[in-house]
Amino acid sequence: MKSKASQKKIPVVDLFSGCGGLSFGLRDAGFEVVLGVDNWQDALDTFVKNHPGAKIYNADLSKERPAEICNKFGIKRGEIEVVVGGPPCQGFSISGKRNPDDPRNKLYKSFVDFVAYLKPKAFIMENVPNLVSMQGGKIRDKIISDFSEHKYRVEWKILDASDFGVPQKRRRVFFVGLLGETAFEFPAEKIVKPITAAEAISDLPEESVSGGHGYLTDPENDYQKEIRRGSNVLYNHEIIVHTEKTRGIIAMVPDGGNYKNLPKKLWDTRKVNIAWTRLNSKKPSYTIDTGHNHIFHYKYNRVPTARESARIQSFPDTFVFWGKNKASHLKQVGNAVPPKLAAAIGKKLLKYI
Ligand SMILES: C[S@@+](CC[C@H](N)C(=O)[O-])C[C@H]1O[C@@H](n2cnc3c(N)ncnc32)[C@H](O)[C@@H]1O
């Protein structure tokens, strides 16, 4: 039997990598992420600091071709065993005459081109769940047929992160393709009792903590112990200070409540259906977004910090977000695949490779 040290890790390229939630989970499962490509430098800065050994490349994937990028990094065809990524969904369009040059198609097409060029043993493509029902399922079928042309057997499934120990209801569709005839079987949901928002963040204080400061309290449960593993200090816990008016309104909403708990004259103050929503401390969080400031802490009169959002996305406290400011950190977190969910898919994928 090979010793652990001599076992070669499976090399992965991550396209539209963002800060690397997907990559980080795969690394946890035992893969080696060699390259992350994105056109957003803040996210790439986070990616490279949290994936030692990985390279990053800032490129517009609608313009640069797989061969150019791979040559730049000395990546040869056949060397990469898994290609992963989440092309933005406006890249999916089969409207009109299926014009292959439709600019909206370029991002998705770039992912297909990378798979066709690198011929990995497998790929994972993540997206929003309504992708599979858009245009009566035609987009989903086109994705499957595009990859079958390159000899991949594609399976897809909508997974909810809360079923995999992530303290968040977050549904995303995953397409997994295996080169050849074998059908990938998705991991079965395991969690009997989902992790709640309070279990994820109750140990984090109401006020900001300057980056690198030690924890102010002990962990209060197993999730917090696990998420703090290897970390003695906090980063990215900078609060957003809302106006007095906003604080006054949200103060009237109870744990788990929303605009309906407010006097009727305030119902229209925010014109979104999730207006003035507070997390429910006893349930997994709502889906973390990219910082729209509509969902508030279950107890404090502010929205969650980037660290609280990262906890809800299952990023460990050792994963530090870099980039310009806290709005950038919140966007990076909100874009990401929860690492724990990615790890569950990765562990299953290992069985096929
Ligand atoms: C949904 S996020 C990916 C999140 C990532 N999979 C994770 O788990 O952290 C999509 C990413 O696509 C990137 N992106 C959008 N248009 C792009 C383009 N033309 N070229 C390269 N990257 C692009 C965005 O900057 C964003 O980071």
Side-chain angles (χ1 to χ4, degrees), residues 12-29 31 33 35-51 54-66 68-69 72 82-93 102-114 123-131 159 161 164 166 168 170-176 236 287-292 306 309-310 312-316 319-324 327-346:
V12 176
V13 164
D14 189 350
L15 304 169
F16 310 95
S17 64
C19 68
L22 180 52
S23 274
F24 196 80
L26 292 175
R27 215 186 55 148
D28 230 27
F31 292 79
V33 180
L35 178 65
V37 186
D38 203 285
N39 66 350
W40 183 22
Q41 194 56 43
D42 277 11
L44 288 172
D45 289 343
T46 300
F47 187 98
V48 77
K49 302 257 192 204
N50 291 286
H51 297 84
K55 299 239 165 46
I56 47 170
Y57 186 47
N58 187 333
D60 180 345
L61 283 164
S62 69
K63 299 209 170 95
E64 287 195 49
R65 309 290 307 147
E68 285 170 61
I69 295 180
K72 213 170 239 150
V82 183
V83 171
V84 302
C89 45
Q90 59 272 29
F92 293 91
S93 162
D102 181 336
R104 290 170 301 177
N105 274 331
K106 282 200 171 158
L107 299 179
Y108 159 65
K109 193 152 182 315
S110 154
F111 188 89
V112 181
D113 288 349
F114 263 90
F123 72 83
I124 305 174
M125 193 176 80
E126 175 257 355
N127 225 281
V128 290
N130 66 346
L131 186 74
L159 301 176
F164 294 86
V166 178
Q168 179 190 186
R170 185 186 188 91
R171 294 170 73 249
R172 287 291 182 269
V173 64
F174 291 86
F175 291 83
V176 176
N236 309 123
T287 304
I288 288 290
D289 67 16
T290 51
H292 297 145
S309 302
I312 287 168
Q313 278 274 57
S314 76
F315 281 99
F319 194 109
V320 177
F321 294 85
W322 295 78
K324 278 192 253 347
S328 162
H329 304 157
L330 281 166
K331 188 170 167 192
Q332 294 175 47
V333 177
N335 267 341
V337 176
K340 260 193 167 199
L341 175 57
I345 299 170

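In each ligand, atom 1 is the first atom listed, and ligand 1 is the first ligand listed. Values below: every heavy atom of this structure, side chains too, minus hydrogens, waters and symmetry copies. Computed from a prediction, not measured in an experiment: that's the story for all the values here.
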Hey, which atoms in ligand 1 end up nearer than 4.0 Å to a heavy atom of [X]?
{"X": "L22", "answer": "7 (C), 8 (O)"}
{"X": "V337", "answer": "7 (C), 8 (O)"}
{"X": "W40", "answer": "25 (O)"}
{"X": "G20", "answer": "9 (O)"}
{"X": "G86", "answer": "10 (C)"}

Exercise for review: Return the orientation label for the F24 and F315 ring planes: parallel under 30°, perpendicular over 60°, tilted otherwise.
Suggested key: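 Rings of F24 and F315: tilted, as their planes differ by 30° to 60°.
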Polar contacts were defined as any N/O atom of the residue lying under 3.5 Å from an N/O atom of the ligand; does this apply to L61 and ligand 1?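 Checking ligand 1 against L61, an N or O pair does fall under 3.5 Å apart.
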One residue to check: [X]. Relative to ligand 1, which of side chain, backbone, both or neither has a non-hydrogen atom less than 4.0 Å away?
{"X": "L107", "value": "side chain"}
{"X": "S17", "value": "backbone"}
{"X": "A59", "value": "backbone"}
{"X": "P88", "value": "side chain"}

For a quick test of reading the model, state the closest non-hydrogen atom pair linking F114 to P66 and the distance between them.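 Of all heavy-atom pairs spanning F114 and P66, the closest is CZ-CA, 3.6 Å.
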What are the two closest heavy atoms between F174 and E126, and how far apart are they?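 For F174 versus E126, the nearest heavy atoms are CE2-CG, 3.5 Å.
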| task | Find the distance between CG (L107) and CG (D60) and round it off to the nearest 0.5 Å. | result |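 The CG atom of D60 is 7.0 Å from CG of L107, to the nearest 0.5 Å.
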State the CG-CG distance between N58 and D45, to the nearest 0.5 angstrom.
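Those atoms lie 9.0 Å apart.
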Between [X] (side chain) and [Y] (backbone), is there a donor-acceptor pair under 3.5 Å?
{"X": "N127", "Y": "P87", "result": "yes"}
{"X": "E64", "Y": "L61", "result": "no"}
{"X": "H51", "Y": "V33", "result": "no"}

query = Are Q313 and S309 close enough that a side-chain donor and a side-chain acceptor fall under 3.5 Å?
reply =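 Note: Q313 and S309 side chains miss the donor-acceptor criterion.
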Exercise. Would D14 and S23 count as having a side-chain donor-acceptor pair, cut-off 3.5 Å?
Worked result: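 S23 and D14 do have a side-chain donor-acceptor pair below 3.5 Å.
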Starting from [atom], which protein heavy atom do you reach first, and at what distance in Å?
{"atom": "atom 12 (O) of ligand 1", "result": "F16 CB, 3.5 Å"}
{"atom": "atom 19 (N) of ligand 1", "result": "D60 OD1, 2.9 Å"}
{"atom": "atom 14 (N) of ligand 1", "result": "N39 OD1, 3.5 Å"}
{"atom": "atom 26 (C) of ligand 1", "result": "D38 OD2, 3.4 Å"}
{"atom": "atom 1 (C) of ligand 1", "result": "N335 O, 3.5 Å"}

Heavy-atom proximity to atom 9 (O) of ligand 1, best of G36, G18, G21 |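 Among G36, G18, G21, the closest heavy atom to atom 9 (O) of ligand 1 comes from G21.
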